[in-house]
Asks: 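Could you have a look at this structure, given as C-alpha cells, before my questions?
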Amino acid sequence: MKKSWVRNSLVLSIGLSTLLAGCSSSTGSNASEKKANVKMNTTGLPIVNKSVTLNFVSPKSSLAPNFKDMTLFKKLQKQTNVQVKWNNIPSEGYQEKKNLLLSSGDLPDAFYNSGFTDLDIVKYAKDGTIIPLDELIDKYMPNLKKRLEERPALKSVITSPDGHIYSLPRAEEMDLVGLPNTMYINKTWLDKLGLKMPTTLEEYHDVLKAFQDKDANGNGKKDEIGLTYLFNGWCGNFGDMIAAFGVPDNNDHRIVRDGKVIFSAVQPEYKEAIAYYHKWVKEGIIDPEATTQDQAKLFSKGKTKDETLGSFIWWENTELVGTDRQDDYEVLPPLKGPGGTPIVGRSNYSEYSRDAFVITKADKYPEITARWVDQLYAPKESAQVDWGPIGEVYQEDANGMLVNKELPAGVAMGEFRQKVAPGGPFVVLKDDFGKVVDMEPRAKERLAILDKYYRPYEEKENYPQVFFNEEDTQKINQLQTDITQFVNQKQAHWLQDGGIDKEWNSYVKQLDQMGLPELMKLYQKGLDQFNKNNK
C-alpha cells in the first residue's frame, strides 16, 4: 500500500526511458496529427471493421498478469476489433511513473485505472493534456449515460468545478467502504483459557495479556502477539481503538459532526487514547511492529507455522489468516471505552471514484476509445471488471444472472480477484445484486457483520467527495501532505516511546503554524458548498 519512490537521477532516467519505450507508438506529436480516416460503427459490435490499436497505461497488482493476457480483455478485443497495447506498471511506484509520463509529454491514448488525483484532473484538463468527455458520453457511451441518469449523485462526483467531465467513474454500491475496520479475536484461545469475549477496553487488555502470559498456542514459547494492525492502512487501521475514547480517527484525521469539520488528532480524547495505548505497547500486548509493518508483513503473521495472533484488525479474517485458520477467529464487537458507549468511526472513502479512465490529447481515435470503454459499463460487464470473468469467478444461471463459482480449496477470494479482475471503469449499483450479479459470499458475510455489530454504533456523518477548484485543491495538497505526515510520525512515536503529555502543547502549536486552521477552513467551505448543492 505504500508508494515506492525513485530516489536518484540514474533511476529516474532509466525508468523514464523504459516507460517511453512502452508508449513509443503514441507520442506527444500525435496531438498535432489529424485523426486517421478509420470508419467506426456508431452502434453494435464490432466497433471497427478494420482493427485499430490503442495504447493504454495502467497500474496492476503484483499478482495480476499483463492485462493483454486477462480473459476479460482478450474477449473484448475479439468483440470490438480494437486491440489495446498495455503498458502495465506495478502499483507500487505507479504514481511517480505516471507523473513522469505526463511531464514528458509522451502520452498514451488513455490512462486506465488512472490514479489521477483531483489536482491532476484539474491541472491536465486546463492545459489540454486530457480531453473533456461530456460529448463522447452523450453520443457514444449509452451504457455509462444510462448509469449516470440512474445516479445523478455519481454524475455530480465526476463533474469538475468548471462543469465538464474529464475522467470516468468507478462505482460499487455495497455499503462497505465506510466501515473498513473489523476486529477479530482468537475464540479458540478464549475457550482454551476459559475467558469470556471482552466488552470493554479493560477486559480486552486482560485477555490479550492472558494470551501471552499463559502460552495460548501451547508451544512453550512466548511468541503470541496480542493485537496487530496496519498503521494508517486504508483498512485495518487503529482508528476505532481511538474512537473508544469518544472521538474516532481515520487516515485523514478528519471527521464531521453536526455539519462541522473536526481535526481528530488535536482533540483531548485523541491525546488520552494515545497515552493509554502507549502503556499497552510498553507491556507488549500491542505488536511493536504495528506502526512500521507493511501489508505483506502483517499477513505473514497470520500464517506462521504455529498460530501466533491473538487479535487483529483487518477487512476480513480469511485474507489475513488463511482458510485453514479462519474458524479460529470471531468478530470482536466494538468495545466500551471511558465514556461507556462504543463508537465506530467512518472513513471518508467513497463507493464512487472519479479516476477510473482518462483520454489524452494524443488519442487519434477518442470516439473509438469511448465506445471501447463503454462496453465495460454494461451491467454484466461491470461486474466482471470488478470481480472477475465468467468461467473463472462466475457462471450464468438459468436467468442469465452471474453466480459465484466455488473457489478452489485453500484459495482466498481477495487474492484470486487480483489475478483475474482488472478493476477500473465499472458501475455496479445496489439494484444489480440479485438481478445482474450475485453478491460474493464474503461481501454478504461482511455486510451481515457490519449490520449486526458495527452500524448500531457508527458515526452519523463523514466527509464527502468534494471536488475543489484548482486554487483550493493546490492549497489543500500543499497543507495536507505535511500535516498528515507530521501527525502520523508523532502518533507512531508516542505509541512506541510515549511522551504525548509533555509534547502535546508544542505539537498543537506546530500544527497551527503549519496551517491547520486554514486547512480546516477550506474543508469546511467545501463541505458547506457540497451540502448546499446536494440538498
Side-chain angles (χ1 to χ4, degrees), residues 25-26 35-58 60 64-88 108-114 133 136-148 168-172 356-359 363-397 399-405 417 419-429 432 435-437:
S25 63
S26 179
K35 293 179 184 178
N37 186 22
V38 174
K39 180 175 174 57
M40 181 187 75
N41 301 316
T42 56
T43 60
L45 295 175
I47 293 173
V48 289
N49 296 325
K50 184 179 180 180
S51 180
V52 166
T53 298
L54 299 172
N55 292 274
F56 290 176
V57 165
S58 177
K60 80 171 187 71
N66 188 287
F67 282 5
K68 71 180 177 63
D69 298 319
M70 276 195 166
T71 300
L72 187 76
F73 292 132
K74 289 195 289 187
K75 176 185 174 184
L76 192 58
Q77 181 176 327
K78 290 180 180 179
Q79 292 175 329
T80 63
N81 215 13
V82 175
Q83 179 178 342
V84 175
K85 183 178 179 182
W86 292 97
N87 179 11
N88 276 142
D109 295 315
F111 287 88
Y112 182 103
N113 232 337
S114 74
L133 307 177
L136 292 173
I137 293 171
D138 189 53
K139 289 184 176 181
Y140 305 112
M141 301 185 71
N143 291 317
L144 178 58
K145 183 178 179 181
K146 183 174 185 294
R147 291 311 218 181
L148 296 180
L168 300 182
R170 174 200 62 80
E172 181 187 275
F357 194 87
V358 297
I359 300 176
D363 192 343
K364 293 184 289 184
Y365 313 112
E367 296 87 356
I368 293 173
T369 304
R371 285 217 62 212
W372 182 91
V373 73
D374 189 54
Q375 307 310 307
L376 305 181
Y377 285 109
K380 194 174 287 189
E381 294 301 316
S382 277
Q384 295 175 76
V385 173
D386 194 5
W387 290 288
I390 296 171
E392 295 176 15
V393 171
Y394 294 114
Q395 58 191 18
E396 293 182 279
D397 68 9
N399 298 315
M401 185 175 78
L402 301 181
V403 295
N404 290 274
K405 295 181 65 178
R417 181 178 180 181
K419 298 177 182 179
V420 298
F426 64 84
V427 173
V428 180
L429 302 181
D432 293 335
K435 296 178 182 178
V436 175
V437 60

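Along the sequence shown, residues are numbered consecutively beginning with 1. Note that these values count all heavy atoms, side chains included, but never hydrogens, waters or copies made by symmetry. Not measured: the values here are computed from a predicted model.
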Asks: Looking at R147 and D432, is any side-chain nitrogen of the basic one under 4.0 Å from a carboxylate oxygen of the acidic one?
Replies: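 A salt bridge links D432 with R147.
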
Asks: Which pairs would a plain distance check flag for residues 70-79, meaning a side-chain donor or acceptor within less than 3.5 Å of a matching protein atom at least two apart in sequence or in another chain?
Replies:
residue: T71; atom: OG1; partner: E392; partner atom: OE2; Å: 2.4

Asks: Does the side chain of V48 reach to within under 4.5 Å of the side chain of N41, using non-hydrogen atoms?
Replies: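 Counting from C-beta outward, V48 and N41 never come under 4.5 Å.
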
Asks: Is there a donor-acceptor contact under 3.5 Å from the side chain of Y112 to the main chain of G423?
Replies: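 Confirmed, Y112 side chain pairs with G423 backbone.
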
Asks: Please name all residues satisfying salt bridge (Lys or Arg N to Asp or Glu O under 4.0 Å) with D374, sequence neighbours left out, ordered by chain then number.
Replies: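 Listed in chain order: nothing, the list is empty.
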
Asks: So, for D386 and A421, which heavy atoms are closest and what is the spacing to 0.1 Å?
Replies: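 For D386 versus A421, the nearest heavy atoms are O-CB, 3.5 Å.
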
Asks: What distance separates I359 CD1 from T369 OG1, expressed to the nearest 0.5 Å?
Replies: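 Nearest 0.5 Å value for the CD1-OG1 distance: 5.0 Å.
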
Asks: Do you know the tightest heavy-atom contact between P169 and L144?
Replies: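 Here P169 and L144 meet closest at CG-CD1, 3.8 Å.
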
Asks: For Y394 versus A383, what's the shortest heavy-atom pair and its separation?
Replies: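 Between these two residues, the closest heavy atoms are CE1-O, 4.0 Å.
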
Asks: Nearest 0.5 angstrom please: I368 CD1 to T53 OG1, how far?
Replies: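 Between atom CD1 of I368 and atom OG1 of T53 there are 10.5 Å.
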
Asks: Measuring from atom CG of L429 to atom CD of E172, what distance do you get when rounded to the nearest 0.5 angstrom?
Replies: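 Answer rounded to 0.5 Å: 11.0 Å.
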
Asks: For P108 and N55, work out which heavy atoms get closest and say how close.
Replies: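 Closest heavy-atom pair between P108 and N55: CB-O, 3.5 Å.
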
Asks: Give the intermediate values and the outcome of side chain to side chain contact (heavy atoms under 4.5 Å, CB included) for residues L402 and K380.
Replies: CA-CA 8 Å; L402 301 181; K380 194 174 287 189; 3.6 Å; yes

Asks: For P422, is there any backbone N or O sitting under 3.5 Å from a side-chain donor or acceptor partner on K60?
Replies: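 Absent.
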
Asks: Under 3.5 Å, side chain of N66 to main-chain N/O of K68, donor-acceptor pair present?
Replies: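 Flag set: sc N66 to bb K68 pair under 3.5 Å.
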
Asks: With rounding to the nearest 0.5 angstrom, report the NZ to CZ distance, K139 to R371.
Replies: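 The NZ atom of K139 sits 14.5 Å away from the CZ atom of R371.
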
Asks: So, for S51 and Q83, which heavy atoms are closest and what is the spacing to 0.1 Å?
Replies: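 In this case the closest contact between S51 and Q83 is OG-CB, 4.4 Å.
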
Asks: Kindly give the heavy-atom pair with the smallest separation between V393 and W387, and that separation in Å.
Replies: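 Scanning both residues, the minimum pair turns out to be CG2-O, 3.4 Å.
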
Asks: Do T80 and L45 touch side chain to side chain, with heavy atoms closer than 4.5 Å?
Replies: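 They are in contact (side-chain heavy atoms under 4.5 Å apart), so the answer is yes.
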
Asks: Is the gap between the ring centers of Y365 and W372 under 6.0 Å?
Replies: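 Between W372 and Y365, which both carry aromatic rings, the centre distance is not below 6.0 Å.
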
Asks: As a quick check of understanding, evaluate side chain to side chain contact (heavy atoms under 4.5 Å, CB included) for L376 and F426, giving each step before the final call.
Replies: CA-CA 6 Å; L376 305 181; F426 64 84; 5.8 Å; no

Asks: List in chain and number order the residues that pass side-chain contact (heavy atoms from CB on, under 4.5 Å) with T42, two or more places apart in sequence or in another chain; answer none if no residue qualifies.
Replies: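 If we apply the side-chain contact (heavy atoms from CB on, under 4.5 Å) test to T42, skipping adjacent residues, the hits are M40, Y140.
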
Asks: With rounding to the nearest 0.5 angstrom, report the OH to CG distance, Y377 to L168.
Replies: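 Here the rounded value is 4.5 Å.
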
Asks: NZ/K85 to CG/L54 distance, rounded to the nearest 0.5 angstrom?
Replies: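 Here the interatomic distance stands at 12.0 Å.
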
